Amino acid sequence: MRIRPAHRAEFPLLQDVERAAGELFRTVGMHTIADDEPPPLDVLEDFARSGRCWVAAEGADDHPVGYLLADRVDGAAHIEQVSVAPAAARRGVGRALIAHLADRAATQGLDALTLTTFAGVPWNAPYYARIGFRTLAADEIGQGLREIRAREAGLGLDRWPRVCMRREVHTCPRA
């Protein structure tokens, strides 16, 4: 497996990964989430153009099996989306993508990764807790994360409990 920037020609494949990964939400009664459409091509293009979209690719054909979109929020590298194809699940693909972002954050002098996620879905908050994220208390949530949570609430995501999470990264001195 190799982590690398996404290529424009792969964006439809990334959408397919998102749709397939979303199907798992049906198993926990979250059909609305499973039916949610992936980011449009122009949004993926914006993330890729600004160097904030990476894929985990494998095989001789370098085929994407997962991807991560990132932003900068409240001075941290924020995981906007991470999705892994079900056929590649439980093989460390998501963990590798997150580790890649952590390395990039450290070289940019950022001290943390953040994300928002569903609290009770096993492959969401409990998974992130296993890889070093902690749930933020209300008074630890910065303005940027509050704005993200407000947008999520407006989309109806608060039908299920959601949390903001953070993981510290080891920063490297800037040159």
Side-chain angles (χ1 to χ4, degrees), residues 1-26 30-108 110 112-118 121 123-125 127-128 131 133 144-145 147-157 160 162 164-165 167 169:
M1 178 178 43
R2 162 173 107 95
I3 308 296
R4 61 166 174 75
H7 304 299
R8 175 183 288 171
E10 298 170 328
F11 296 164
L13 296 173
L14 302 185
Q15 290 177 318
D16 291 343
V17 165
E18 178 84 10
R19 285 184 192 102
E23 284 299 310
L24 195 53
F25 284 94
R26 290 188 199 289
M30 298 172 72
H31 300 280
T32 304
I33 302 303
D35 292 337
D36 192 36
E37 280 298 308
L41 296 176
D42 63 324
V43 170
L44 293 172
E45 174 71 31
D46 289 344
F47 275 96
R49 189 179 321 110
S50 60
R52 300 176 294 126
C53 180
W54 299 274
V55 299
E58 62 183 20
D61 62 352
D62 204 34
H63 185 78
V65 295
Y67 77 99
L68 184 144
L69 303 176
D71 275 324
R72 190 174 289 197
V73 175
D74 297 331
H78 180 74
I79 299 168
E80 176 63 31
Q81 180 66 41
V82 61
S83 292
V84 176
R90 304 183 68 83
R91 295 193 342 227
V93 174
R95 188 181 305 239
L97 285 161
I98 292 167
H100 178 79
L101 180 61
D103 289 344
R104 290 187 57 88
T107 62
Q108 294 171 3
L110 303 176
L113 304 179
T114 61
L115 56 85
T116 62
T117 193
F118 294 108
V121 176
W123 60 91
N124 279 200
Y127 165 77
Y128 294 117
I131 63 169
F133 284 82
L145 284 176
E147 290 171 5
I148 289 170
R149 287 292 297 117
R151 279 194 305 275
E152 291 173 348
L155 294 171
L157 297 182
W160 306 275
R162 287 187 64 80
C164 297
M165 300 184 82
R167 183 175 103 182
V169 298

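In this text the structure is predicted, and so the values were computed from the model without any measurement.
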Checklist line | Stepwise side-chain contact (heavy atoms from CB on, under 4.5 Å) test for Met30 and Val121 | finding: CA-CA 10 Å; Met30 298 172 72; Val121 176; 3.5 Å; yes
Margin query: Checking Arg2 against Val55 for the side-chain contact (heavy atoms from CB on, under 4.5 Å) test, could you report, in this order, the C-alpha distance in whole Å, the side-chain angles of both residues, the deciding distance, and whether it holds?
Written below: CA-CA 8 Å; Arg2 162 173 107 95; Val55 299; over 6 Å; no
Next item on the list: Evaluate the criterion side-chain contact (heavy atoms from CB on, under 4.5 Å) for residue pair Thr117 and Phe133; output intermediate values, then yes/no.
Entry: CA-CA 11 Å; Thr117 193; Phe133 284 82; over 6 Å; no
Checklist line | Asn124 and Trp160: CA distance, side-chain angles, deciding distance, side-chain contact (heavy atoms from CB on, under 4.5 Å) verdict | finding: CA-CA 12 Å; Asn124 279 200; Trp160 306 275; over 6 Å; no
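Counting non-hydrogen atoms of neighbouring residues, nucleotides and ligands closer than 6.0 angstrom, the CZ atom of Arg8 reaches no more than 12 such neighbours.
Nearest approach of Val82 to Gly94, heavy atoms of both residues: CG2-CA, 4.4 Å. Nearest approach of Leu41 to Pro12, heavy atoms of both residues: CD2-N, 4.0 Å. The two residues Cys164 and Thr116 come nearest to each other via the heavy atoms SG-CG2, 3.9 Å. For Ala76 against Leu110, the heavy-atom pair with the smallest separation is C-CD1, 4.2 Å. Scanning all heavy atoms of the two residues, the minimum distance from Gly66 to Val93 falls at CA-CG1, 4.2 Å. Met1 and Ala96 make their closest contact through CE-CB, 3.7 Å (heavy atoms, listed as atom of the first residue, atom of the second, distance).
A 4.5 Å side-chain heavy-atom check between Tyr128 and Arg167 finds every atom pair outside the cut-off. Here the side chains of Arg72 and Gln108 are in contact, with some heavy-atom distance below 4.5 Å. Annotation: side chain of Leu13 is in contact with side chain of His63 (closest heavy-atom distance under 4.5 Å). Residues Leu157 and Arg151 form no side-chain contact, since every pair of their non-hydrogen atoms from C-beta on lies 4.5 Å or further apart. Contact annotation: the side chain of Glu152 never approaches that of Leu155 to less than 4.5 Å [non-hydrogen atoms, C-beta and beyond]. Contact check for Phe47 versus Leu14: no side-chain heavy atoms found under the 4.5 Å cut-off. Taking the side chain as every heavy atom from C-beta outward, Leu44 and Glu10 never approach each other to under 4.5 Å. Contact check for Phe11 versus Tyr67: no side-chain heavy atoms found under the 4.5 Å cut-off.
Without hydrogens or angle criteria, Arg52 side chain to Ala70 main chain gives a donor-acceptor distance under 3.5 Å. Under a 3.5 Å cut-off, the side chain of Arg4 and the backbone N or O of Asp62 do form a donor-acceptor pair. Of the possible polar contacts, one joining the Gln15 side chain to the Pro39 backbone as a donor-acceptor pair under 3.5 Å is found.
One distance of note links CD of Glu80 with OG1 of Thr114; it measures 9.5 Å at 0.5 Å rounding. One distance of note links CG of Leu97 with CD1 of Ile3; it measures 4.0 Å at 0.5 Å rounding. Tyr127 contributes atom OH, which lies 5.0 Å from atom CZ of Arg95 (distance to the nearest 0.5 angstrom). The CG atom of Leu69 lies 8.0 Å from the OG atom of Ser83; values are rounded to the nearest 0.5 Å. Here the CG-CG distance, from Leu115 to Asp71, works out to 12.5 Å after rounding to the nearest 0.5 Å. The distance from the CD1 atom of Ile98 to the CG atom of Leu113 is 7.5 Å, given to the nearest 0.5 Å.
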